[in-house]
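First up is the structure itself, then whatever we jot down about it.
Keep in mind it's a predicted model, so treat the numbers as computed, not measured. Naming: A, B, ... by sequence-line order, numbering from 1 per chain.
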Amino acid sequence: MSICTQHMVISILRKNSNRTVSVSTRHAKQLHAHVVKIKGISNEDNILVLSLYSNLNLLHYSTRLFNSLPSPPPPLAWSSLIKCYTSHSLLHLSFSSFNSMRSLGLPPNPHVFPSLIKASTLLKHAKLACSLHASTVRLGLDSDLYIANALINMYAKFHSFNVNTNAGNVFDHLSLTGKSEIHSVRKVFDMMPVTDVVSWNTVIAGYAQNGMFVESLDMVREMGKNGILKPDSFTLSSILPIFAEHVDVYRGKEIHGYAVRNGFDGDVFIGSSLVDMYAKCNRLEDSLCAFYLLPRKDAISWNSIIAGCVQNGEFDRGLGFFRLMLKENVKPMPVSFSSVIPACAHLTALNLGKQLHGCIVRIGFDDNEFIASSLVDMYAKCGNIKIARYVFDRMEKRDMVAWTAIIMGCAMHGHALDAVSLFENMLEDGVRPCYVAFMAVLTACSHAGLVDESWRYFNSMERDFGIAPGLEHYAAVADLLGRAGRLEEAYDFISNMGVQPTGSVWSTLLAACRAHKSVELAEKVVDRLLLIDPENMGAYVLMSNIYSAARRWKDAARLRIQMRKKGLKKTPACSWIEVGKEVHTFMAGDKSHPYYDKINEASNVLLEQMEKEGYVLDTNEVLHDVDEEHKRELLHNHSERLAIAFGIISTTAGTTIRVIKNIRVCTDCHTAIKFIAKIVGREIVVRDNSRFHHFKNGSCSCGDYW
DNA sequence: GTAGGGTTAG
């Protein structure tokens, strides 16, 4: 076989290498056998075959062939070997091979540098990377196309990893600020006498991954202008996430169109970006289409569709895709778990969440920050703050998301002081709080009535951290003032806040007016509320309840008639409990459960015992104009009472009972559940729409402030 | 010999 034919074969094999590795591998071995058979073992041919093996990433064959070469192997053989080590992430072997090569007296050749630069990038070893850059400068190789491309990638990656190259950066004299990596990217690019599509794509991706979207898109436009280079599938997959982030489905669609016209739409990278882009633009159906149309799906395509479903609130669908992924024998990645666990959190599926946690530990993903954060949140949202704290405490590295998850968890469970001290610990750890972290700590303050702390944090947001308070922060402070009974102050605060209040901000004040029995202010609030949000049925219900509590039945009825005219319906109260593998749902006064008679019987026995212990019915909570006996029945049939009674009769003694309710627990039920927990000697955890209540031994974790 | 996609807290 002539060298010419071999080059042809190699180039064909290279073209095929991405598609059918096994076929190419077979061809490579055939070629090797052929060479040996026809010409015997010649060194030159062996080196050619070695470069073929290394191109196909066949580590085993490459090292075996390399070791069979007579010493010292020529530079080309070394560069093939080093390339192979780098692509197998055997980075230390890359460098030790380079050292061996140097110690044999071989000069460094241009071909080894790209692999070494890549290895130092993967190692995040800035000093090594910079000294390699310096070496290429000394050797006059820093403008070599391949070396410069590797350098661009290196600086771009270090910029995103936040790895500082200042100490040894060859552009040191140019750097005025502490962060010059992204400038070095441009610097290397601008110095290149010749660039190719890889150079452009590397800069474009570098900008895109560092949030420099304008610069990235400008480069794409410029690239199209020069007429020789055209955006390819790499370019597109780098810029699609920009439109996902900006929720710009129109421009995203334009790129989709360009991809179809240029035959890139079957590319699995583009496909996954499209799945993600449509999902992030709230177009789940388009996202699903893009997913189903993919000719080949890899683990990342599956991750994208799972995350897409979960982010769009389609939790069961997300879980379904996760199961399907496993069924199709696609190995889940850490991202698969961090995408699917929030679905368990939202569905309060504690058992499923625990099963997934088990998988995570078995696979060995439990040290992943993203997964750990999602687990902390999941356990907290499923009512198990202890395990949430355990997972958090075991985390080696805690980023702002992890801190926020545990602080919010503590807030939801009424552990306000823990939340506040965790927030302080976070600051001591040098982790800068973000918008959401302030939401968490302010929520904690509001759930516990910590007015002074709340003001302190609220005021420090903008002053110390440059974060402008948003609706959620104002809402938390307003809620706190209202619940502390400082109704007028809350009213003024909302009227003068920096952003337009929403109906829900006024709603919290309306609820506070109800709790503090201020009909007059409530009327003012409801006017403001309905001005912004005329269809807010919660406002009608609350106001009508406030009138009822003040025994102004006519006013209450007037509002209910208005509601009916507008066609607004109250969301029915509903509670649910997981027993065994089943979720049992109860509505207020619901007699449909197959065990209703038993539930009712247990409920009555409990009531007798409760009354003996001193429980007195609080009929203020019944807001219908009905007689006392009817009120009694209405209260005892509140959905959470039914769910708890069912939990008691269908689980073994001592088991914690976990109930979820879609609206807030009423005062009477809150009192009643404290008695029940004591009588049956169990912990009862109730999650309503804003927080958790842990009832144990006659008291509740919220300290009756909620 | 070089380059590219996905993820987490409210």
Side-chain angles (χ1 to χ4, degrees), chain A residues 51 54-55 75-76 78-80 82-84 86-87 109-118 141 144-154 156-157 195-206 208-209 232-241 244 267-277 279-280 298-308 310-311 333-342 345 368-378 380-381 399-409 411-412 434-440 442-443 470-473 475-476:
Chain A
S51 87
S54 111
N55 260 326
L76 187 63
W78 286 100
S79 58
S80 295
I82 290 170
K83 190 252 161 192
C84 218
T86 301
S87 27
N109 67 84
H111 300 281
V112 294
F113 281 106
S115 300
L116 293 173
I117 292 165
K118 188 180 181 180
L141 295 170
D144 174 275
L145 182 62
Y146 289 91
I147 292 173
N149 285 349
L151 288 171
I152 294 172
N153 181 48
M154 182 269 283
K157 289 289 184 310
T195 56
D196 68 353
V197 70
V198 176
S199 329
W200 286 79
N201 283 342
T202 315
V203 178
I204 289 165
Q209 285 158 3
D232 66 359
S233 63
F234 287 86
T235 327
L236 303 191
S237 57
S238 299
I239 58 169
L240 271 170
D267 180 300
V268 69
F269 287 78
I270 304 234
S272 303
S273 295
L274 286 171
V275 169
D276 180 57
M277 187 273 295
K280 289 225 169 73
D298 66 2
I300 291 169
S301 328
W302 286 95
N303 293 343
S304 306
I305 196 65
I306 293 167
V310 176
Q311 286 162 358
M333 296 163 65
V335 177
S336 324
F337 288 100
S338 48
S339 303
V340 80
I341 287 165
N368 178 292
E369 294 178 59
F370 289 91
I371 292 181
S373 297
S374 67
L375 285 173
V376 169
D377 182 59
M378 184 273 293
K381 286 215 175 83
D399 68 354
M400 181 250 303
V401 177
W403 284 100
T404 305
I406 191 66
I407 293 167
M408 189 56 95
M412 283 191 297
C434 68
Y435 189 94
V436 188
F438 275 106
M439 274 169 57
L442 289 173
T443 303
L471 187 67
E472 297 92 340
H473 307 100

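Summarising the geometry, the separation between NE2 on H111(A) and P on dG1(B) is reported as 8 Å, rounded to the nearest angstrom. The interatomic distance linking M154(A) (CE) with dG1(B) (C1') rounds to 16 Å, in whole Å. If you measure from atom CZ of F438(A) to atom C1' of dA9(B), you get 15 Å, rounded to the nearest angstrom. Rounded to an integer number of Å, the gap from D298(A) CG to dT7(B) C1' is 14 Å. Atom CD1 of I341(A) and atom P of dT8(B) are 12 Å apart (whole Å). Counting to the nearest Å, the P atom of dA9(B) and the CG atom of L375(A) are 12 Å from each other. Rounded to whole Å, the distance from CD1 on I371(A) to C1' on dA9(B) is 15 Å. Regarding N303(A), its CG atom lies at a distance of 13 Å from the C1' atom of dT8(B), rounded to whole Å.
Looking at heavy-atom distances under 4.0 Å, S338(A) makes contact with a base. Within the 4.0 angstrom heavy-atom criterion, only backbone atoms of the sugar-phosphate kind lie near T202(A); the bases stay farther away.
Checking the phosphate oxygens (OP1, OP2) of dA3(B), no side-chain nitrogen or oxygen of K157(A) falls inside 4.0 Å. The phosphate of dT8(B) has OP1 or OP2 within less than 4.0 Å of a side-chain N or O from Q311(A). Contact annotation: N153(A) reaches the phosphate of dG4(B) (side-chain N/O to OP1 or OP2, under 4.0 Å).
Set against dA9(B), dG4(B), dT2(B), the side chain of M400(A) has dA9(B) as its closest nucleotide. Across dT8(B), dT7(B), dG1(B), the shortest atom-to-atom separation from the side chain of S80(A) is found for dG1(B).
Stacking annotation: F269(A) is stacked on the base of dG4(B) (ring centroids less than 5.5 angstrom apart, interplanar angle below 30 degrees). Stacking here means ring centres nearer than 5.5 Å and ring planes tilted less than 30 degrees, and by that measure F370(A) stacks onto dT7(B).
With hydrogens and angles left out, the side chain of D232(A) and the base of dG4(B) share no donor-acceptor pair within 3.5 Å. Side-chain to base pairing of D144(A) with dG1(B): one donor and one acceptor N or O lie within less than 3.5 Å of each other. Side-chain to base pairing of S233(A) with dG4(B): one donor and one acceptor N or O lie within less than 3.5 Å of each other.
Using a 4.5 Å cut-off on side-chain heavy atoms (C-beta onward), H473(A) and Y435(A) make contact. Residues S301(A) and V275(A) fail the side-chain proximity criterion, which asks for heavy atoms closer than 4.5 Å.
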CA sep, side-chain torsions, deciding dist, call: W200(A), T195(A), side chain to side chain donor-acceptor pair (under 3.5 Å): CA-CA 7 Å; W200(A) 286 79; T195(A) 56; 3.2 Å; yes
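Partners of S336(A) according to the side-chain contact (heavy atoms from CB on, under 4.5 Å) rule, which considers only residues two or more places apart in sequence or in another chain, are N303(A), F322(A), M325(A), P332(A), M333(A). Partners of D276(A) by side-chain contact (heavy atoms from CB on, under 4.5 Å), not counting sequence neighbours, listed by chain and number: A244(A), K280(A).
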